[in-house]
Colleague: 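The structure follows.
Reminder, nothing fancy here: chain letters follow the sequence lines and each chain counts from 1.
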Amino acid sequence: MEKVRTRFAPSPTGFMHIGNLRTCLYAYLYAKKRGGTFVLRIEDTDQERYVEGAVDVIYNTLEKAGINHDEGPDKDGGYGPYIQSERKSLYLDYAKELVDKGGAYYCFCSKERLDGLKDGNGVAKYDKHCLSLSKAEVEKRLAAGEQYVIRQNVPTSGVSEYEDMVFGHIAVPNEDMEDNILIKSDGMPTYNFANVVDDHLMAINYVIRGVEYLSSTPKYNLMYDSFGWERPRYMHLSPIMKDAQRKLSKRYGDANFEDFLDKGYLPKAIVNYIALLGWSPKGNEEKLTMEQLIEQFDVDGISKSPSIFDEAKMRWLNGEYIKQMSVDEFVEVAKPFFEKSKVKDKYDYKALAKLLIPRVEILSEIPEKVDFLEEFGKYDTAMFEHKKMKITKELAYGNLLAIRQDFESEDDWRDENLKQRGMALAEKLGCKSGQIFLPLRLALTGAATTPGGATEMAELLGKKESMARLDFSIELLKNEL
RNA sequence: GGCUCCAUGGUCAAGCGGUCAAGACAUCGCCCUUUCACGGCGGUAACUCGGGUUCGAUUCCCGAUGGAGUCACCA
């Protein structure tokens with residue numbers, strides 16, 4: 001059986017966009033699913049867009065995402081170099097070979113002449129002007145050191161076709177394709193060309209990339225044909241959208257892997273979620289590990305239409321991953337967020353973690369959930385009115401006074417003990433326990449939703465602080481009655 | 001605009017001629033509970049429109065509409 005080889009070929013232009021990461025993921029999943037090889041290649045032929053350090057971002061992202069490439073700049077598999085700028089010398093020779101085979105030709109046209117070709121809309125299609133140059137003429141101008149580019153020679157009639165693995169049959173009229181530049185005047189190859197040469201040389205037989213290449217793929221195939229190389233199979237992927245009209249992109253922010261990490265998303269959850277954006281597993285289970293993704297990945301499940309990125313769902317998934325964490329694991333990933341909060345160094349993170357795990361979906365919620373421990377003051381007492389529990393401000397006030405008196409002598413301030421005590425008090429007063437605990441929780445925190453029940457909050461705060469807050473709240477209520 | 005594609009709830013999506021059209025997120029309600037959560041149960045909500053083909057179309061074909069991509073010495 002043919003050995004599958006796929007690749008991810010990013011340009012080092014900055015952070016890793018979530019859409020790129022998904023393309024990468026699918027290429028990885030497909031290779032692994034078929035027992036093949038996944039190759040990382042850096043496409044840095046455009047020197048102008050190169051960003052310092054961007055290659056490290058790529059390595060870093062793949063590692064965090066759990067995508068392990070089998071070959072790449074740092075893992076030689078015998079098909080290197082894996083960085084295009086280091087392969088520079090290769091391309092010109094192949095371009096010349098293509099010229100000899102009739103698949104390309106030299107072009108000496110000036111920018112001015114090219115501009116003159118543009119129509120009213122500024123759209124130009126090259127007119128194959130230099131294709132008619134005689135071989136002798138070309139030699140002469142080359143020898144004279146004239147600046148040139150090499151263009152692909154696309155047939156002017158007929159139709160180019162191929163079978164895409166997700167979109168099916170694709171047919172493009174040759175006359176709609178242009179003679180694109182293969183070798184730029186600086187001697188560097190364009191993406192189109194470097195891609196074909198490298199994919200062939202690296203024995204990539206499954207090309208997985210964004211739909212933006214769907215309709216230009218026939219041009220790639222034409223090159224493979226001219227060279228006499230075997231065409232790869234193609235799998236094109238629809239884009240991830242921000243909404244129905246706009247593509248999810250850096251321009252709108254929050255589209256990078258790093259951004260989500262900063263917001264407190266777990267790499268596993270991000271990967272799991274984007275795997276589901278544009279692909280659906282056969283079964284109903286959506287929370288899947290990388291192993292399960294590999295196991296279940298299937299071209300059949302890939303969707304042809306663009307999908308809108310839904311952060312709410314990723315958030316839910318993230319919460320699911322957090323819920324299954326141990327206290328230690330949680331403290332480890334949550335630490336930076338604790339440090340950003342007001343409780344920094346003042347509380348036992350483990351104790352907080354226990355309460356937070358079932359209540360937090362993304363880590364950046366931590367400060368807002370925990371700041372009340374250090375921040376307490378005047379709040380809206382309307383919260384004490386609770387219809388369903390039959391609690392009014394008057395009742396709350398009365399119960400709070402009773403609680404204060406009853407708890408005063410208690411020195412065991414642990415959650416369990418306080419809970420018992422509260423229950424006993426409720427019985428003594430002949431009221432529902434909720435009528436004790438709800439007012440107490442509010443009096444202690446001043447917040448409608450808290451990361452735990454009344455007595456858990458009390459334990460965290462300690463007796464001294466708890467009593468002080470009780471007094472404060474009692475006073476606050478008293479003034480309003 | 002030309003060309004290439006795409007079209008099921010608010011979102012992700014199953015479906016591949018006959019289904020009361022799955023499931024998940026979101027949303028709403030109920031239950032559990034000792035208050036916040038977790039959890040459990042249930043509800044609302046979709047085949048873009050018009051022609052065909054067929055005994056029968058969400059499903060196949062054509063058209064319209066809407067959307068995406070592409071038309072660089074960027075990838």
Colleague: How long is the gap from CG on A/Asp199 to OH on A/Tyr224, to the nearest 0.5 Å?
Modeller: 4.5 Å

Colleague: So what's B/A57 paired with, Watson-Crick or G-U wobble, going by both distances under 3.5 Å?
Modeller: none

Colleague: If you measure from the C1' atom in B/G43 to the same atom in B/G1, how many Å do you get, rounded?
Modeller: 48 Å

Colleague: Classify the side chain of A/Tyr213 versus the base of B/A75 as yes if they form a donor-acceptor pair under 3.5 Å and no if they do not.
Modeller: yes

Colleague: For A/Ser185, answer base if it contacts any base atom (sugar-phosphate contacts may also be present), sugar-phosphate if it contacts only those atoms, and nothing otherwise; contact means non-hydrogen atoms under 4.0 Å.
Modeller: base

Colleague: Where along nucleotides 19-29 of chain B does protein come under 4.0 Å, by heavy atom, of base (B) or sugar-phosphate alone (S), with - for untouched nucleotides?
Modeller: ---BBBS----

Colleague: Less than 4.0 angstrom from a charged side-chain N to a carboxylate O is my criterion; do A/Arg41 and A/Glu43 meet it?
Modeller: yes

Colleague: Identify all side-chain donor-acceptor contacts of residues 390-398 of chain A below 3.5 Å with residues at least two apart in sequence or on another chain.
Modeller:
{"unit_1": "A/Thr392", "atom_1": "OG1", "unit_2": "A/Glu394", "atom_2": "OE1", "d": "3.4"}
{"unit_1": "A/Thr392", "atom_1": "OG1", "unit_2": "A/Leu395", "atom_2": "N", "d": "3.2"}
{"unit_1": "A/Lys393", "atom_1": "NZ", "unit_2": "A/Thr381", "atom_2": "OG1", "d": "3.2"}
{"unit_1": "A/Lys393", "atom_1": "NZ", "unit_2": "A/Glu480", "atom_2": "OE1", "d": "3.0"}

Colleague: Salt-bridge test for A/Asp127 and A/Arg113: reply yes if a basic N is under 4.0 Å from a carboxylate O, no otherwise.
Modeller: yes

Colleague: Answer yes or no: is there an ion pair linking A/Glu365 with A/Lys369, defined by an N-O contact shorter than 4.0 Å?
Modeller: yes

Colleague: Do we get A/Arg141 above A/Tyr148's six-membered ring, with its NZ or CZ under 6.0 Å from the centre and within 45° of the axis?
Modeller: no

Colleague: Compare the minimum distances between each of B/U35, B/A75, B/C5 and the side chain of A/Leu214, then state the nucleotide with the smallest one.
Modeller: B/C5

Colleague: Between B/G51 and B/U19, how far apart are the C1' atoms? Round to whole Å, please.
Modeller: 26 Å

Colleague: With both distances kept under 3.5 Å, what pairs with B/C30, Watson-Crick or G-U wobble?
Modeller: B/G40

Colleague: Heavy atoms only, 4.0 Å cut-off, all strands: where does A/Gly278 land among base, sugar-phosphate and nothing?
Modeller: sugar-phosphate

Colleague: Which nucleotide wins on minimum distance to the side chain of A/Val172, given the candidates B/U11, B/C6, B/C3?
Modeller: B/C3

Colleague: Base, sugar-phosphate or nothing for A/Ile181? Non-hydrogen atoms, less than 4.0 Å.
Modeller: base

Colleague: Please measure how far the C1' atom in B/A75 lies from the corresponding atom in B/U59, and state the result in whole Å.
Modeller: 38 Å

Colleague: Say we look at B/A26 and B/U11: how far apart would their C1' atoms be, to the nearest angstrom?
Modeller: 8 Å

Colleague: At 4.0 Å (heavy atoms only), tell me whether A/Lys323 reaches a base, stays on the sugar-phosphate, or touches nothing.
Modeller: sugar-phosphate

Colleague: For the side chain of A/Glu178, starting at C-beta, report the closest nucleotide among B/U34, B/A7, B/C71.
Modeller: B/C71

Colleague: Report the base-pairing partner of B/U11 (Watson-Crick or G-U wobble, both distances below 3.5 angstrom), or none.
Modeller: B/A24

Colleague: In whole angstrom, give me the gap between the C1' atoms of B/U58 and B/C6.
Modeller: 16 Å

Colleague: Quick one: is A/Lys184 getting a side-chain N or O under 4.0 Å of the B/C74 phosphate, OP1 or OP2?
Modeller: yes

Colleague: For nucleotides B/A46 and B/A24, find the distance between their C1' atoms and express it as a whole number of Å.
Modeller: 15 Å

Colleague: Go through it in stages, so that I can follow the logic: the residues are A/Arg22 and A/Trp279, the test is side-chain contact (heavy atoms from CB on, under 4.5 Å), and I'd like the CA-CA distance, side-chain angles, deciding distance and then a yes or no.
Modeller: CA-CA 10 Å; A/Arg22 190 195 56 170; A/Trp279 170 76; over 6 Å; no

Colleague: Quote, to the nearest angstrom, the C1' distance that separates B/A7 from B/G39.
Modeller: 38 Å

Colleague: Select from A/Ser110 and A/Leu276 the residue whose nearest nucleotide in RNA chain B is closer to the 5' end of that strand.
Modeller: A/Leu276

Colleague: Could you work out the separation of B/G69 and B/C12 based on their P atoms and round it to a whole Å?
Modeller: 15 Å

Colleague: When you get a sec, tell me which of B/G69, B/A75, B/A7 is the closest nucleotide to the side chain of A/Ser11?
Modeller: B/A75

Colleague: Quick one: look up who B/A75 pairs with, Watson-Crick or G-U, both distances under 3.5 Å, and put none if it's unpaired.
Modeller: none

Colleague: Ring centres of A/Tyr273 and A/Phe309 under 6.0 Å apart?
Modeller: yes

Colleague: Would you state whether a donor and an acceptor, one from the side chain of A/Ser215 and one from the base of B/C3, lie under 3.5 Å apart?
Modeller: no

Colleague: Centre of A/Tyr191's six-membered ring, under 6.0 Å away, within 45 degrees of the axis: is that where NZ or CZ of A/Arg209 sits?
Modeller: no

Colleague: Hey, does A/Val149 reach any base, or is it just sugar-phosphate, or nothing, if we go heavy atoms under 4.0 Å?
Modeller: base

Colleague: Within the structure shown, what part of the strands sits under 4.0 Å from A/Thr450 by heavy-atom distance: base, sugar-phosphate, or nothing?
Modeller: base

Colleague: Which is more 5' along RNA chain B, the nucleotide nearest A/Glu212 or the one nearest A/Lys111? Just name the residue.
Modeller: A/Glu212

Colleague: May I ask you to evaluate whether A/Ser280 reaches the phosphate of B/A14, defined as a side-chain N or O under 4.0 Å from OP1 or OP2?
Modeller: yes

Colleague: If I take atom CG from residue A/Leu401 and atom CG from residue A/Asp406, how far apart are they, to the nearest 0.5 angstrom?
Modeller: 12.5 Å

Colleague: Nearest to the side chain of A/Tyr191, heavy atoms from C-beta on, is which of B/A75, B/A68, B/A13?
Modeller: B/A75

Colleague: Partner of B/G66 by Watson-Crick or G-U wobble geometry, both contacts under 3.5 Å, or none?
Modeller: B/C6

Colleague: Using a 4.0 Å heavy-atom cut-off, does A/Ala171 contact any base of the nucleic acid, only the sugar-phosphate backbone, or nothing at all?
Modeller: sugar-phosphate

Colleague: Please state whether the phosphate of B/A13, meaning OP1 or OP2, lies under 4.0 angstrom from any side-chain nitrogen or oxygen of A/Ser307.
Modeller: yes

